[in-house]
Each structure stands twice: as structure tokens, then as C-alpha cells.
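Heavy-atom basis, side chains included; hydrogens, waters and symmetry copies ignored. Positions are given from 1, in the same order as the sequence printed here.
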Amino acid sequence: MKQFIAKFSDRIDGILCGFDRLVMRGELRALYIARGGGIEQYLRSTGVMFKEFGEHVLEVSRRLKEASLAAALEMGRVVRYVPSATESKEKIARQIAVEQKIRSGLVCVLSSVEPCMSFQAAPNRQTKKLDFKLEQRKCLHLYHYMIHPVFGFMNARIQTWFPFRIQICLNGREWLARRMDAVGLHYVRQDNCFPWIEDFAAAQRLMDEQLSTNWPEELNRIAAALNPIHEEIFRHFQVNYYWTTHQSEWAMDVRFPQQEHLRRLYPALLGHAITTFGSPSVLRFLGKPTPLDGSVPRNYSGELFSDLKQRKEGIRIKHYIDGNSLKAYDKAYTPVGSILRLEPTINEVAPFRSYRPKEGDPDGLRAWRPMRRGVADLHRRAEVSQKAAERYADALASVDDTRRLQELTENLERSTKWEGRTVRGLRILGEDNALLLSVSRGEFNLNGFRNRDLQRLLYRGRAGDVIEGKRRCAAISRKLLMLRAHGLIKKVPHTHRYLLTDYGRVAITAISAAQQATVAQLSKVA
């Protein structure tokens with residue numbers, strides 16, 4: 001992120017990082033224990049015979065629905081059945097909140113029949129007993145829309161059949177707005193972003209409080225409102241919700257005070273991302289290691305692609321990898337400021353690691369272990385997401401939106417001096433083109449490149465003998481000297497590695513983008 005800030009510091013004056021959308025799920029995991037436990041233990045402890053399971057669960061579901069709707073009916077809030085899955089429940093709820101001028105508390109309860117996982121009793125011919133299987137079925141779900149004192153506008157859904165799964169959808173910017181209101185920090189809001197905040201540093205400190213929130217405690221309070229008779233149902237079989245993060249969106253919002261700056265820069269950033277970020281770059285952005293040759297790892301067999309989508313505000317670019325994504329879009333254009341948003345989304349935690357003790361041993365030895373879905377690893381999700389956004393921002397920083405290609409390259413094609421020696425000009429679209437594209441590969445951004453790395457890229461196969469190997473090494477050394485003389489690369493002190501200079505990154509990116517552009521695109525720009 002340092003490169004991005006340094007590059008565009010004269011055009012940006014605020015950055016805000018934190019969770020945007022969070023989808024939490026609550027499970028009564030004790031009910032899922034295999035035969036001899038779980039739902040069977042619950043029935044035994046409650047004194048319900050297995051053959052009475054169907055009648056019992058229907059009765060419990062009826063009581064749950066009545067209890068869940070009681071508060072809404074008492075307050076005179078809207079309770080409505082939504083028959084179509086295509087109809088936006090959030091839109092309905094927001095409209096109700098506006099029409100009835102509801103600014104806090106419960107807004108409405110919307111119900112809908114949707115797929116769920118629920119228990120089904122089935123006879124076992126071998127044991128002559130009933131088995132309880134968790135199968136996909138359909139049941140009524142209750143959506144409670146509310147303006148929460150901590151989280152702002154949100155919704156929480158409970159399925160009315162066993163095992164009463166809960167899903168809670170929160171918005172981090174809603175949460176921040178409540179906190180800024182509480183401390184008297186002034187801001188301008190557009191949708192779920194803030195084109196202007198009185199003090200961005202103060203807002204970031206408030207945003208960081210999300211990571212110290214006691215999530216189980218807050219979520220359990222919401223669960224209690226969804227099912228007020230939970231303790232009564234499970235008075236003989238104590239079971240509590242285990243909370244996981246089903247989906248997290250982390251947003252890095254970069255504020256541009258002047259609309260024209262973002263409107264001019266964003267197409268260049270978009271074009272740069274389209275033409276220069278290949279599969280290895282996307283893997284690196286999301287934390288996956290890539291080989292030195294810049295290829296996709298041979299053992300990688302996941303799903304990886306990028307796409308563009310035309311939005312009302314402009315164009316969004318999105319990179320997908322193994323169910324997770326990283327996207328960029330121009331979020332808002334307003335008279336008081338405009339927002340560029342970089343947004344990593346984590347749906348699958350398998351690719352990531354968390355530094356923690358073993359499950360069930362909180363005081364044990366810490367090590368890098370698979371990241372968990374549980375809210376205990378939410379802070380690690382934040383770290384992974386922030387690093388992904390920063391890597392993406394720094395990669396975008398190599399774009400240049402002010403100088404023309406001619407300005408960037410005219411001196412490169414002329415001879416120059418290096419320590420008293422004359423060094424020829426570069427043939428940027430000729431014999432030196434492969435060299436330029438090689439040194440700008442994404443895998444060299446962090447650790448740089450060596451003579452041997454370029455040999456692997458610029459020569460086919462290994463050297464036939466020692467003499468050939470020395471000849472190749474000398475040829476690459478001359479090329480490295482030529483790049484240094486023209487200010488494109490710099491040597492890392494006390495190593496044999498080289499890195500692109502800021503000028504080198506911009507110039508080679510421009511050359512690469514021009515090569516990738518079509519005649520139609522170039523004609524349009526001209």
C-alpha cells in the first residue's frame with residue numbers, strides 16, 4: 001500500500017479499511033453428534049419417544065414461530081410472507097423503515113419457505129429402530145430486519161425446523177456510522193461508503209474496534225430475540241450456538257477529494273489490471289506462492305479467472321480464485337469526495353493459515369494451522385484480507401495516468417553513459433522486449449530477480465556445457481547493466497538481486513499495456 005499512497009498522495013486524502021459485509025451462521029453443533037448422541041440424546045432427555053418425533057418437532061416449531069413473532073405483533077410491526085425468492089427482502093424492509101419512520105429496533109419480520117437441512121426419522125431395517133438423518137428439505141424461515149444499537153440496519157434469519165440454524169447479515173459501514181454518531185464524528189454517507197469524514201484517522205480507530213468485539217456475546221443476544229423460547233426447548237439438553245463466519249467482505253476505501261482525479265485515473269487502473277494481471281499475479285495477491293518462473297504452480301487445479309461487469313457507476317473488475325475473490329470498482333462520485341474501493345471476499349478458508357493453538361487446547365503450543373470458520377479466527381481473516389488489498393493496490397500503483405508512452409520511452413531508445421562507458425539504447429519492441437517483460441513479472445515484485453532467473457526465462461533449456469553457461473551468464477550481466485544504465489532497475493545492496501525502479505515499473509507497464517491493446521483501443525485513445 002505504501003507504493004500506492006506514495007504514487008497518488010497528491011490526489012488522495014483518506015483511506016478507510018475494515019469489514020464491509022459479514023455473514024455469520026449459528027449452529028447447534030451438539031445436535032449433530034453421530035448415533036447415540038445429538039438429536040437422540042435430546043429426545044431421550046426431553047422424554048419424547050422416537051416414534052413421536054414428527055409430532056414433537058411440529059409442536060416445537062409452532063411454538064417457536066409464535067414466540068419469534070410475538071414482539072413484532074405487540075409493537076404493530078409488519079409481518080409479511082414473501083412468496084417469491086426473486087423479491088428483495090432488504091428492499092421491502094428498507095421501504096417499511098422509511099414509510100413508518102423507524103429509526104431503531106425491530107423494523108419488520110418477513111417469512112419465506114426456503115431450502116434447509118433438517119432431521120428426518122427413517123426406519124432402519126437391520127436394527128428395527130428409527131434413525132435420524134440430516135437431509136435437505138424445505139421449511140419456513142423468519143427474517144427479522146432491525147436497526148440494531150450496535151450494528152445498525154441488519155437482518156437475522158432463523159429456520160423454524162430443527163436444528164434451528166441462524167444466519168445473521170451485518171454491514172461494517174453501518175456499524176461504523178453508529179459509532180461515529182455516538183462520538184460526534186461528522187461524515188457524509190453514500191450507500192455503504194463515506195465520501196467525506198471529518199477525521200479519517202479517528203474513523204479508522206473506530207473501525208478497528210470491530211476486531212475486539214465479543215462476537216459470540218453480541219450474536220447470542222440477537223439469537224435470543226429470534227428464538228425467545230430457546231432455553232425452554234433445551235432445558236433438559238443444554239446446547240448453545242457455535243458461531244462461524246460464512247462470508248466476509250473487507251473493503252479498502254480510498255478517498256479522492258476531486259471527482260475528476262478518480263474519473264481520469266480509474267480507466268487507467270482498470271486497463272492496467274486487465275492487461276497485466278495474469279493468473280500468477282492473482283494467485284500472489286491472495287497469498288498463494290508461485291514459482292520463480294512466474295507460472296501457475298503445477299499442483300494447482302483450482303478455479304481461477306477474472307471478469308468485468310458494467311455497473312451504473314462504471315466498470316468493476318473481479319478476480320476469482322477457489323471461491324474467494326478480489327475486486328476493484330469506483331464506488332461513489334459526489335461533490336464532497338469520491339471513493340475507489342478494493343474489496344477482498346473470503347468464502348473459503350482452506351487456502352489460509354492462522355497462528356493459533358490446537359482446537360480445544362487454548363493454552364497449548366501455537367503454530368500455523370488451517371484457518372477456522374469460527375469467529376475466533378475473524379481477526380486473522382482481517383489480516384489476510386488487508387494484505388491482499390495492499391498487494392493489489394501496490395500492483396495498481398505501477399500504472400501512470402499522466403505521461404504519454406512517448407515521454408516514458410524516448411530516452412530509453414537513446415544511448416546513455418554508465419560509469420564512463422557508452423551503453424546502447426533499448427529496442428523496446430524489438431530484441432529487448434522479452435527482457436523488459438521478464439524483469440516486470442509479478443513474482444519478482446517482492447524479492448527481486450537474479451541473473452539465473454532471467455536465464456531461465458530468456459533461454460530454452462539448460463546450457464549444454466560449462467562454456468555455454470558462462471556465455472549466457474555474461475550476456476545477462478550485460479543486459480542487467482544496460483537496464484541499470486537506463487534507470488529501469490536497481491541492485492539490492494549486498495545481494496545478487498535486482499528490483500525495478502519506480503520509473504522502470506511505470507515505463508515497462510506502459511509498454512506492456514500498449515502491446516496488449518487492440519488497434520481499435522489505440523485509435524480511440526488517439
Mind checking whether [X] and [Y] have side chains closer than 4.5 Å, heavy atoms only?
| X | Y | value |
| --- | --- | --- |
| Arg369 | Ser354 | no |
| Asp191 | Lys331 | yes |
| Ile489 | Leu499 | no |
| Glu40 | Leu130 | no |
| Arg456 | Asp453 | yes |
| Gln247 | Glu348 | no |
| Arg372 | Val349 | no |
| Arg381 | Arg373 | yes |

Counting only N and O atoms by type, is there a donor-acceptor contact under 3.5 Å from the side chain of [X] to the main-chain atoms of [Y]?
| X | Y | answer |
| --- | --- | --- |
| Arg205 | Phe200 | no |
| Glu27 | Arg29 | no |
| Arg366 | Pro357 | no |
| Ser68 | Leu226 | yes |
| Asn324 | Asn347 | yes |
| Arg497 | Lys491 | no |
| His141 | Cys139 | yes |
| Arg391 | Phe285 | yes |
| Asp394 | Phe4 | yes |
| Ser212 | Asp208 | no |

Run the ring-centre check on Phe132 versus Phe119 and record whether the distance is less than 6.0 Å. no
Do Trp215 and Tyr241 have their ring centres less than 6.0 Å from each other? no
Side chains of [X] and [Y], donor plus acceptor under 3.5 Å:
| X | Y | result |
| --- | --- | --- |
| Gln167 | Arg25 | yes |
| Asn451 | Tyr498 | no |
| Gln386 | Trp250 | yes |

Is the shortest distance from a Lys or Arg side-chain nitrogen in [X] or [Y] to a carboxylate oxygen in the other one below 4.0 Å?
| X | Y | value |
| --- | --- | --- |
| Arg157 | Glu114 | yes |
| Arg341 | Asp330 | no |
| Glu383 | Arg353 | no |
| Arg94 | Glu90 | yes |

Check the pair Lys318 / Arg316 against side chain to side chain contact (heavy atoms under 4.5 Å, CB included), numbers first and verdict last. CA-CA 6 Å; Lys318 189 173 186 178; Arg316 179 271 287 151; 3.0 Å; yes
Measure up the Phe153 and Tyr145 rings against each other and bin them: parallel (under 30°), tilted (30 to 60°), perpendicular (over 60°). tilted
Plane angle bin for Phe162 and Tyr42 - parallel if under 30°, tilted between 30 and 60°, otherwise perpendicular: tilted
Sequence neighbours excluded, which residues qualify as side chain to side chain contact (heavy atoms under 4.5 Å, CB included) partners of Val48? Leu43, Thr46, Glu52, His56
Evaluation steps, side chain to side chain contact (heavy atoms under 4.5 Å, CB included), between Val57 and Trp161: CA-CA 7 Å; Val57 296; Trp161 284 5; over 6 Å; no
Output every pair passing side chain to side chain donor-acceptor pair (under 3.5 Å) with a member in residues 220-232, not counting sequence neighbours, ordered by first then second residue. Arg63-Glu232, Glu217-Arg221, Glu218-Arg221, Asn220-Trp243
Atom SG of Cys193 and atom CZ of Arg173: how far apart are they, to the nearest 0.5 Å? 8.5 Å
Those residues that, when tested against Ser104, pass side chain to side chain donor-acceptor pair (under 3.5 Å) (two or more places apart): none
